[in-house]
Amino acid sequence: MQSTVRDNIVELISAGMRLAQQAGALPAFEIPHTIPIAPSQHAAHGDYGSPVCMGLARVLRRAPMQIAQAIAPHIPQSEFVSQVEVSPPGYLNFTLDAGWLAQQVPVILAAGESWGNLERKESERVQVEFVSANPTGPLTVGAARNAVLGDALAAVLDAAGYAVEREYYVNDHGSKSRKLAVSIYLSYAELWGSPVELDEPIYPGDYIAELAQELQAEAGRRYLEMERDTALAEIMEWGIQRVLAGVAADLARLRIHFDSWRHERSFYTGEPSLFAQQLGRLRETGHIVEKDGALWFTHPDLEKDAVLVRSAAVIADPESRPTYLASDICYLWDKLVLRDFDRAIYVWGADHHGDAPRVKAAAQALGIAPERVEIILYQLVTMRRGEQALRMSKSSGEFVTLREVIDEVGADSIRYMLLTRTADVTMDFDLELAVEQSDRNPVFYVQYAHTRIAGVLRHAAEQGWPAEVLGDSALLTHPSELALLRKMVAFPEVIALAANNLAPHHLPNYASELAAHFHAFYHNCYIVDSDPAAVELTRARLMLARAAKVVLARVLYLMGMDAPERM
RNA sequence: ACCCCCGUAGCGCAAUUGGAUAGCGCAUCGGACUUCUAAUCCGGUUGUUGUGGGUUCAAAUCCCACCGGGGGUACCA
């Protein structure tokens with residue numbers, strides 16, 4: 001449980017401002033509630049710098065430089081900051097104390113798997129809902145970015161102290177489920193040599209035939225002998241279960257596991273159903289209009305009304321009349337009122353961006369604060385194998401499954417590659433490049449750092465060093481050691497950064513920097529030295545290596561990647 | 001037509017969310033293996049942040065207009 005260095009420095013600054021005022025060095029002013037601070041980009045500026053005095057210049061009617069000079073002497077002494085400097089045009093620069101940095105080695109080792117975790121937030125229950133692909137077939141590669149983003153987001157929020165639940169929303173209500181059932185049924189009937197004519201749309205993929213074969217093996221001729229609607233209802237149930245089992249298995253290969261699976265269908269069962277209740281609520285608050293035989297959701301924030309229940313003239317089957325929005329509204333209530341999550345995070349592809357305002361408006365209409373609904377929109381990925389683009393649409397019947405791609409390039413590469421860019425940029429994922437085991441593949445660079453430490457520790461063990469070697473970390477004074485330490489100590493901040501901005505791409509960026517600092521340390525500082533005079537230094541460096549391994553393993557874990565002992 | 005995302009070094013991307021001299025990888029050029037894995041390291045080269053205005057002490061970041069690329073605008077699911 002760490003507070004971040006950054007936060008601690010912010011505390012120092014506000015204490016400095018308070019004390020400077022008390023001492024009369026500055027006129028009275030209100031201390032800003034947020035104090036800007038960022039890691040310095042140049043060594044000459046120390047480790048952290050704050051431009052807060054620039055913003056104060058106007059209110060205090062003084063030059064930023066003067067304000068900084070008035071505050072700096074009043075900034076309290078602390079064990080982790082060795083130097084506070086003022087630099088033009090008015091920055092406050094902080095240098096971390098080298099001794100304190102070295103002392104963080106045993107701290108990190110003691111924290112182990114909890115290193116980087118932030119203080120538990122009281123009553124901040126967060127749900128991350130992701131993937132949520134229609135249960136009408138295997139996951140396609142199209143689901144990959146969603147899966148990876150959502151899972152890393154959940155992991156990072158968990159580390160940031162939130163109580164996180166991962167949820168998969170199962171769209172099992174309406175015509176697509178029927179379509180799945182019909183598809184399986186027809187294929188199944190054909191297997192028995194008694195083809196059925198049914199004028200309904202079906203899914204064309206090969207997986208339908210496979211499901212039909214399974215059904216044949218499990219149920220024999222049973223479904224041919226019963227009434228068609230009953231058969232279809234049962235097959236639907238069976239098919240969805242079967243597809244979801246496959247989805248879960250595929251996701252498990254990506255090391256993704258859901259805490260709960262919420263079925264859309266449950267919103268329409270019970271008396272009164274959740275849907276009926278929400279409809280009533282919206283009607284009372286004047287958000288429902290009836291037009292052309294359909295029910296529409298209306299809200300001042302929306303450019304136009306959105307259909308909630310389609311008219312009988314357009315959709316014959318009553319079960320298929322409610323739209324996605326109708327279910328989304330039930331789901332909002334389910335998440336944020338019935339289950340009382342503080343925040344609901346949705347992970348959506350950019351192709352659904354148009355739905356965001358409707359869901360937000362619906363939340364408002366239901367009396368749910370819209371800030372509690374957070375929608376991560378990520379841009380789409382085009383997958384290709386060299387020159388060839390991969391299909392990812394289920395309705396075409398020809399598509400590349402997520403499973404194939406996982407088998408081809410491995411879960412680690414997929415996760416790292418898809419995580420490394422901000423959700424805002426479109427991506428081009430080349431499988432040929434992802435499997436390439438070369439310098440062009442950053443995945444190995446990071447994992448190799450971990451492996452390399454494991455190798456050093458094995459070597460040390462062979463030389464007779466105990467596995468849990470302890471020593472005096474104060475001996476760590478080499479620039480490469482300190483640079484590595486700075487990176488390691490920054491880890492809690494990276495978690496805060498990624499969690500606060502719902503931006504997991506900071507993880508791989510950090511991982512790669514951390515690995516780079518380890519590799520440099522490895523080259524510049526020989527770790528296991530057989531010289532008797534270097535015994536103490538060897539102990540200290542082995543400690544540092546172990547601690548670096550802890551941090552690497554942590555960041556790899558948050559990304560859902562393996563931290564290999566050997567490669 | 002409207003809405004959303006993107007445009008940063010030859011290429012792919014960062015930039016703690018409005019802060020200092022815009023960073024990293026690949027590519028490229030030159031170095032480093034008798035010692036813990038060279039899947040590594042060290043050094044060099046690389047920029048009018050798409051264009052034009054504006055706001056600000058301070059803009060890649062915010063606002064306006066335009067240009068280019070992607071996505072979206074059904075009583076489809």
Side-chain angles (χ1 to χ4, degrees), chain A residues 6 36-42 44-45 49-52 54-55 57-58 63-64 87-91 93 134 136 171 174-176 179 201 291-296 303-304 306-315 320-321 323-324 349-357 377-380 382 394-395 420-428 433 437-445 447-449 451-460 462-463 490 493-494 496-498 500-501 503 505-506 509 512-513 515-516 518-524 526-530 538 541-542 545 566-567:
Chain A
R6 178 197 166 93
I37 179 167
S40 301
Q41 292 187 4
H42 298 92
H45 298 144
S50 173
V52 66
M54 261 78 90
R58 176 163 300 195
S87 83
Y91 281 91
N93 288 333
N134 289 339
T136 54
N171 285 118
S175 60
K176 54 212 171 291
K179 191 169 161 184
K291 199 168 48 186
D292 306 330
L295 294 184
W296 303 66
E303 282 178 25
K304 45 183 178 177
V307 181
L308 278 184
V309 182
R310 291 180 281 256
S311 68
V314 175
I315 303 285
S320 299
R321 277 181 213 148
T323 59
Y324 270 121
D351 52 340
H352 289 107
H353 91 268
D355 298 331
L377 289 167
Y378 61 90
Q379 300 298 310
L380 300 183
T382 50
K394 246 175 278 189
S395 52
T420 195
R421 282 165 213 164
T422 66
D424 287 336
V425 307
T426 50
M427 289 188 64
D428 194 76
L433 218 103
Q437 307 215 343
S438 74
D439 292 357
R440 301 180 67 187
N441 194 332
V443 181
F444 297 105
Y445 181 82
Q447 288 186 320
Y448 177 53
T451 306
R452 192 170 226 184
I453 299 175
V456 169
L457 296 179
R458 277 194 301 272
H459 171 79
E462 284 162 19
Q463 302 295 310
E493 268 168 58
V494 173
L497 184 65
N500 294 341
N501 298 296
H505 76 277
H506 291 292
N509 290 351
S512 148
E513 288 168 11
F518 175 77
H519 287 309
F521 157 68
Y522 174 89
H523 272 267
N524 296 330
Y526 202 83
I527 300 170
V528 183
D529 197 329
S530 50
T538 295
R541 286 182 170 168
L542 278 171
R566 295 171 196 273
M567 279 171 76

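Source: prediction; values computed, not measured.
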Quiz prompt | Sugar-phosphate, base or nothing in reach of A/N501, heavy atoms under 4.0 Å | solution = base
Self-check item: 4.5 Å side-chain heavy-atom contact, A/D355 and A/Y324
Solution: no
Quiz item: Any stems for RNA chain B, made of 3 or more Watson-Crick or G-U pairs in a row, each with both distances under 3.5 Å?
Solution: B:1-7 with B:67-73, B:10-13 with B:23-26, B:28-32 with B:40-44, B:50-54 with B:62-66
Quiz item: Which part of the nucleic acid does A/H506 contact within heavy-atom distance under 4.0 Å: base, sugar-phosphate only, or nothing?
Solution: base
Quiz item: How would you label the contact of A/I37 with the nucleic acid (heavy atoms, under 4.0 Å): base, sugar-phosphate, or nothing?
Solution: sugar-phosphate
Quiz item: Are the ring of A/Y91 and the six-membered base ring of B/rG19 within the stacking cut-offs of under 5.5 Å and under 30°?
Solution: no
Using nucleotides 8-13 of chain B, report all nitrogen or oxygen pairs with the protein that are shorter than 3.5 Å.
unit_1: B/rG12; atom_1: O2'; unit_2: A/R421; atom_2: NH2; d: 3.0

Quiz prompt | Any donor-acceptor pair under 3.5 Å from A/E493 side chain to A/R6 backbone | solution = yes
Self-check item: Validation row: A/F521, A/I527 side chains within 4.5 angstrom (heavy atoms)
Solution: yes
Exercise. Look at A/K304 and B/rA74 and indicate whether a side-chain polar atom (N or O) is within less than 4.0 Å of OP1 or OP2.
Key: yes
Quiz item: Quick one: A/Q41 CD to B/rU21 P, roughly how many Å, whole number?
Solution: 10 Å
Practice problem: Would you mind classifying the nucleic acid contact of A/R321 as base, sugar-phosphate or nothing, using non-hydrogen atoms under 4.0 angstrom? | Solution: nothing
Practice problem: For nucleotides B/rG31 and B/rG68, find the distance between their C1' atoms and express it as a whole number of Å. | Solution: 42 Å
Quiz prompt | Sugar-phosphate only, base, or nothing, as touched by A/P64 at under 4.0 Å among non-hydrogen atoms | solution = nothing
Practice problem: Remember a base hit wins even if backbone is also touched, and classify A/A57 as base, sugar-phosphate or nothing at under 4.0 Å, heavy atoms. | Solution: nothing
Quiz item: Within 45° of the six-membered ring axis of A/F518 and under 6.0 Å from that ring's centre, is NZ or CZ of A/R452 located there?
Solution: no
Quiz item: Taking the C1' atom of each, how far is B/rG12 from B/rA27, in whole Å?
Solution: 11 Å
Quiz item: Taking atom P in both B/rC64 and B/rG18, what distance in whole Å separates the two?
Solution: 16 Å
Quiz prompt | Aromatic-base stack, A/Y522 on B/rC41, cutoff 5.5 Å, angle under 30 | solution = no
Practice problem: Tell me whether the OP1 or OP2 atom of B/rC41 has a side-chain N or O from A/Y445 closer than 4.0 Å. | Solution: yes
Exercise. For B/rU35, take OP1 and OP2 only and decide whether either is under 4.0 Å from a side-chain N or O of A/H459.
Key: no
Self-check item: Span that lies between the C1' atom of B/rC42 and that of B/rA20, in whole angstrom
Solution: 28 Å
Exercise. Check every strand shown and say whether A/G49 touches a base, only sugar-phosphate, or nothing at a heavy-atom separation below 4.0 Å.
Key: base
Quiz item: So what does A/S50 touch, heavy atoms closer than 4.0 Å: a base, only the sugar-phosphate, or nothing?
Solution: nothing
Practice problem: Looking only at non-hydrogen atoms, find the nearest pair between A/F444 and A/M567 and report the distance. | Solution: CD2-CE, 3.5 Å
Quiz item: Are A/L380 and A/T426 side-chain neighbours, meaning at least one heavy-atom pair lies under 4.5 Å?
Solution: no
Exercise. Describe the nucleic acid contact of A/S311 in one word from base, sugar-phosphate, nothing, applying a heavy-atom distance below 4.0 Å.
Key: base
Quiz item: Should A/H42 be listed as having a side-chain N or O under 4.0 Å from OP1 or OP2 of B/rG23?
Solution: yes
Exercise. With heavy atoms under 4.0 Å as the rule, sort A/V307 into base, sugar-phosphate or nothing.
Key: sugar-phosphate
Practice problem: Would you indicate what A/N500 reaches in the nucleic acid, counting non-hydrogen atoms under 4.0 angstrom: base, sugar-phosphate, or nothing? | Solution: nothing
Quiz item: Of the candidate nucleotides B/rC41, B/rC36, B/rU16, which contains the atom at the shortest distance from the side chain of A/H519?
Solution: B/rC41
Quiz item: Among the nucleotides B/rA77, B/rU16, B/rG71, which one has an atom lying closest to any side-chain atom of A/P39?
Solution: B/rU16
Quiz item: Quantified in whole Å, what is the C1' atom distance between nucleotide B/rG44 and nucleotide B/rU8?
Solution: 22 Å
Practice problem: Indicate whether OP1 or OP2 belonging to B/rA74 is found under 4.0 Å from a side-chain N or O atom of A/R310. | Solution: no
Self-check item: Rounded distance in Å between the P positions of B/rA77 and B/rC11
Solution: 44 Å
Quiz item: Is there a donor-acceptor pair under 3.5 Å between the side chain of A/R310 and the backbone N or O of A/T323?
Solution: no
